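Keep in mind the model is a prediction, meaning the values are calculated, not measured. Just so we're on the same page: letters track the sequence lines, and every chain starts at 1.
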Amino acid sequence: MVVLNRSSNPTGLLNLRRFLIPLPVIVISASTIRDIIESSELKTHLFQSYSGYSLSPPSEPPGKISSHANLADNSRVQLLHSQAIKAGSLGCLQVCNHILNLYVKGLNLGSARKLFDEIPNRDVRTWTILIAGFARLGPAGAGLVLFTEMQTEGIRPNHFSLSSVLKCCSSLNNLRCGKGVHGWILRHGVVLDVVLDNSMIDIYVKCAKVDYAGRIFESVTTRDTVSWNIMIDGYLQIGNTEKAMELFRRLPLKYVSSWNTIIVGQMRNGYGRKALELLCQMVEIGPDFNKVTYSTALALAASLAMLEVGRQIHGKLLRVVLDYDEFIMSSLIDMYCKCGKLDKAALVFEKMPHDLANMQNSKISSDRIMANVISWSSMISGCIQNGSYEEAIKLFQMMIHEGLDVDQFTLTSIASACANAGILYQGQQIHAYIEKTGHKLDVFLGSAIIDMYAKCGNLDDAHSIFFQTNGHNVVLWTSMISACSLHGQGREAVHLFEQMLKEGISPNEVSFVGVLSGCSHAGLVEEANAYFRSMKEDYGIVPRVEHFTCMVDLLGRAGLLDEAMEFIYSNNISHMTAVWRALLSACRIHKNVQIGNWASEQLSKLEPFDAGLYVLSSNICSATHRWEEAAEIRSLMEERRVKKKLGQSWIQIKNQIHTFTAGDRSHPQAAEIYCYLDKLIGRLKEIGYSTDTKPVMHDVEEEQKEVLLAFHSEKLAIAYGIMNTSCRATIRVMKNLRVCTDCHTFIKYTSLAMDKELVVRDAHRYHHFKHGQCSCGDYW
DNA sequence: TTAGGGTTAG
């Protein structure tokens, strides 16, 4: 028999493990196992779970106690379990309950359930431990089933099982079951305590019966800060700020959690300024900040993009030595990312421990590991917000390499990165990962994947995700509507918009951008006018520059250039550069020099250093052979040091991205590409293709212009694509600028000559080339 | 009881 000396076990679990491993053959009795539990840190976890009942609750809890045990405990618990089996100690219900509780605390509900089923003489504690586990970790429905089974077995629930089952009802928003439990409590004359009262208030708040919850709240004899906070938050959730503030003011100013509740609630409801005012009041008259306050304050600074406030909070954290805390660090990272300071965020991120194996070995709690995951997620979305898509994808790959769990949040961000970078292969990998790991397609993830497929050129896949996603909200519908518009499927976009209205979902401002741009692509002028009116009159949405630009684009595309001018002036939007740019673009296509000049004049007043303006204007000059004017524009550009954005195209072949710029010879296969392109152009000329020299800004010899045009980046990418894929494969090319008219014609002829489908995403939209035609109808 | 990461346009 081995007796553990408490004084020789200062490090608890470590000694326990050392103690247990070398002694597999020694028979340990149930009382020894109890000793082990009593003398180890495991007892602390056990004690914490019942602290609500074994101790009277303090009026203000000292702070959040980690709700989960160490992940590293799981192996120890399993070891303890197998030792208990060998020792024949599982006949002792107390031992079984202890081990069961440890499994639940270690988040191992599978093993807990298995052990539970093997316990023959379960008492109320056995049932309660598992119900509480399901209440906290889910699935909450299983907690409800267990509660019913417990009663069928004739076991009377105690306070803990009642509050746990109420928590299950609350997380399921199941008012009917909640009322049932409430009724049972009343019928059986259970003497209520503050925890049970709070559980009942909570279920009614969660099920939107806030006034009824308020009546219970006012009638109970004892309230703690939890009771007040549940009610304050309840009123905030239904938008009753006055009532929430009234309750808050009835409280003494010393309760930090109540300050946190009211500040968080105001922020969540979009009252950032009020939240900031309260935070300032808290500094002056309230209690000291706790971790939640700091975290909230950072989130507030982030949402208001107040970098200076964020910096000051960071300074304060350094002084109170809280800057090392993972929760706080993840908030700091997010604040810096949202304020556009990716480098500062990266500095904080690098200070965090990121090695999962080390984290587990050093007994970091699962909450802290979660904080670590959040910081990765923040860093990834920060990269995306700042346009560093490839960096975001690299971080994601590192995250998987580190063995960290990737959740819905991170997947959503990374899908968005793939969408914006146009990396179909990586996006498909994400989709496969979601299917493999069984993640649900919620509206966030669904919308991001729809957008990814749409922006990577696969409209059909976007459609199928739309149908697979659970729950259709306005963003999901809008993603699909915008996807159709992006691909020139205007009528389908309008159809979806109408379907959304029939489903009773109100469009938002983005939905209108989607449907208006769809109308533009399909030439639906009347419909667009009606939607534009409806947006203002029926939905009270004030049109923004995006909506105005869609309308000018629509009128311009339809050739109604005078009407477009009239629209700009009658809506008082002549100060918006985007609308003039849309009009200028229309003038180029319809070769209207007069209005084009007017538009470029207005645009140059507003944005004298915009390269796009000079390019568009000079293209109009080139189109009408006014070379001198084109030259003037060129010298003006040089004089004003306006730089044209470098055109870049890229194509993915066998998981590799190949990027090309105009006239680029840096690719290892450059010689073959140019040779192939020469031959291809020769072949296209045989079937009627002639180089369109208008888009070139320079007044040079025709032959030389041809050479310049031949080497545009999209042509190089397409030639490379055809050379390196099978004859049936669709070629997908991305470009950072709009496709020029010559390249557009070139691709149309290529699709005809090669009998190939080519999909090109330019800065504005998608072009699907097939049988010599383009889905944009030659307007882009 | 309160915190912290996510989607659609431009």
Side-chain angles (χ1 to χ4, degrees), chain A residues 57 60-61 63-64 195 198-199 201-202 205 223-234 236 255-265 267-268 289-300 302 325-335 337-338 367 370-382 384-385 406-417 419 441-452 454-455 469 473-483 485-486 507-517 544-547 549-550 578 763-764:
Chain A
E60 170 78 343
K64 190 179 175 185
V195 176
N198 287 347
S199 301
I201 296 169
D202 180 58
V205 163
R223 301 184 197 111
D224 61 5
T225 43
V226 176
S227 337
W228 287 90
N229 290 339
I230 295 171
M231 274 322 300
I232 291 170
D233 195 49
L236 286 168
Y255 295 138
V256 64
S257 68
S258 301
W259 281 93
N260 292 342
T261 304
I262 195 93
I263 292 169
V264 169
M267 190 168 70
R268 191 187 49 218
F289 284 17
N290 68 6
K291 282 206 264 177
V292 177
T293 326
Y294 280 114
S295 193
T296 305
L298 286 167
L300 189 58
D325 179 280
E326 279 99 340
F327 299 82
I328 299 289
M329 282 172 125
S330 70
S331 304
L332 271 172
I333 290 168
D334 195 52
M335 182 276 292
C337 284
K338 294 229 168 89
D367 276 3
M370 176 59 81
N372 210 295
V373 170
I374 290 173
S375 64
W376 281 89
S377 181
S378 297
M379 221 35 237
I380 288 173
S381 65
I384 296 164
Q385 284 153 19
V406 179
D407 61 14
Q408 308 269 115
F409 288 87
T410 316
L411 287 169
T412 304
S413 294
I414 212 70
S416 162
L441 274 177
D442 65 8
V443 283
F444 288 95
L445 192 49
S447 306
I449 300 274
I450 288 170
D451 189 48
M452 181 275 291
K455 289 198 175 132
T469 306
N473 71 351
V474 63
V475 178
L476 192 86
W477 278 98
T478 303
S479 304
M480 199 59 235
I481 292 165
S482 307
S485 298
L486 182 70
N508 63 17
E509 64 276 21
V510 187
S511 325
F512 277 105
V513 175
V515 76
L516 289 175
S517 99
R544 298 208 307 230
V545 60
E546 294 87 354
H547 305 106
T549 310
C550 279
H764 199 58

Tell me: CD of Q385(A) to C1' of dG6(B), nearest whole Å? 10 Å
Any side-chain to backbone donor/acceptor pair from S416(A) onto T412(A)? Under 3.5 Å, distance only. no
V264(A) near the nucleic acid: base, sugar-phosphate alone, or nothing, with a heavy-atom cut-off under 4.0 Å? sugar-phosphate
So V545(A), base contact, sugar-phosphate only, or nothing? Heavy-atom distance under 4.0 Å. nothing
Whole-Å distance, I449(A) CD1 to dT7(B) C1', equals 10 Å
T478(A): which residues meet the side-chain hydrogen bond (donor to acceptor under 3.5 Å, both in side chains) condition with it, sequence neighbours left out? S511(A)
Heavy atoms only, 4.0 Å cut-off, all strands: where does D407(A) land among base, sugar-phosphate and nothing? base
Main chain of T410(A), side chain of D407(A): is a donor-acceptor contact present, judged purely on distance under 3.5 Å? yes
Selected nucleotide, minimal atom distance to S257(A) side chain, candidates dA9(B), dT8(B), dT1(B): dT1(B)
What contact category does D233(A) fall into here, base, sugar-phosphate, or nothing, at under 4.0 angstrom with non-hydrogen atoms? nothing
Report which part of the nucleic acid S295(A) touches: base, sugar-phosphate, or nothing (heavy-atom distance under 4.0 Å, all strands). base
Specify the separation, in whole Å, of atom CG of D442(A) and atom C1' of dT7(B). 9 Å
K338(A) has a side chain; which of dG6(B), dA3(B), dG4(B) sits nearest to it? dG6(B)
Taking only residues two or more places apart in sequence, or in another chain, which ones meet N260(A) in a side-chain hydrogen bond (donor to acceptor under 3.5 Å, both in side chains)? N290(A), T293(A)
Would you mind telling me which of dG6(B), dA9(B), dT2(B) lies closest to the side-chain atoms of V292(A)? dT2(B)
Would you kindly give the CD1-to-P distance between I201(A) and dT1(B), to the nearest whole Å? 12 Å
Classify the nucleic acid contact of M452(A) as base, sugar-phosphate or nothing, counting any heavy atom under 4.0 Å across all strands shown. nothing
Rounded off to whole Å, could you give me the CG-to-P distance for the N260(A) and dT1(B) pair? 15 Å
Among dA9(B), dG4(B), dG6(B), which nucleotide has an atom closest to any side-chain atom of I374(A)? dG4(B)
In terms of side-chain heavy atoms of S378(A), which of dG4(B), dT7(B), dG5(B) is nearest? dG5(B)
Minimum-distance nucleotide to S377(A) side chain [options: dG6(B), dG5(B), dG4(B)]: dG5(B)
Round to the nearest Å and state the distance from I384(A) atom CD1 to dT7(B) atom C1'. 11 Å
Could you check whether N473(A) gets within reach of a base, just the sugar-phosphate, or nothing at all, counting any heavy atom under 4.0 Å? nothing
Nearest to the Q408(A) side chain among dG6(B), dT8(B), dT2(B), which nucleotide is it? dG6(B)
Counting only N and O atoms by type, is there a donor-acceptor contact under 3.5 Å from the side chain of S295(A) to the main-chain atoms of K291(A)? no
Does S482(A) place a side-chain N or O at less than 4.0 Å from the phosphate oxygens OP1/OP2 of dA9(B)? no
Spacing between F444(A) atom CZ and dG6(B) atom P, to the nearest angstrom: 9 Å
Kindly say whether E509(A) contributes a backbone atom to a donor-acceptor pair with the side chain of H547(A) at under 3.5 angstrom? yes
E546(A) CD - dT8(B) C1' separation (whole Å): 12 Å
When all nucleic acid strands are considered with a 4.0 Å heavy-atom cut-off, which category describes T410(A): base, sugar-phosphate, or nothing? base
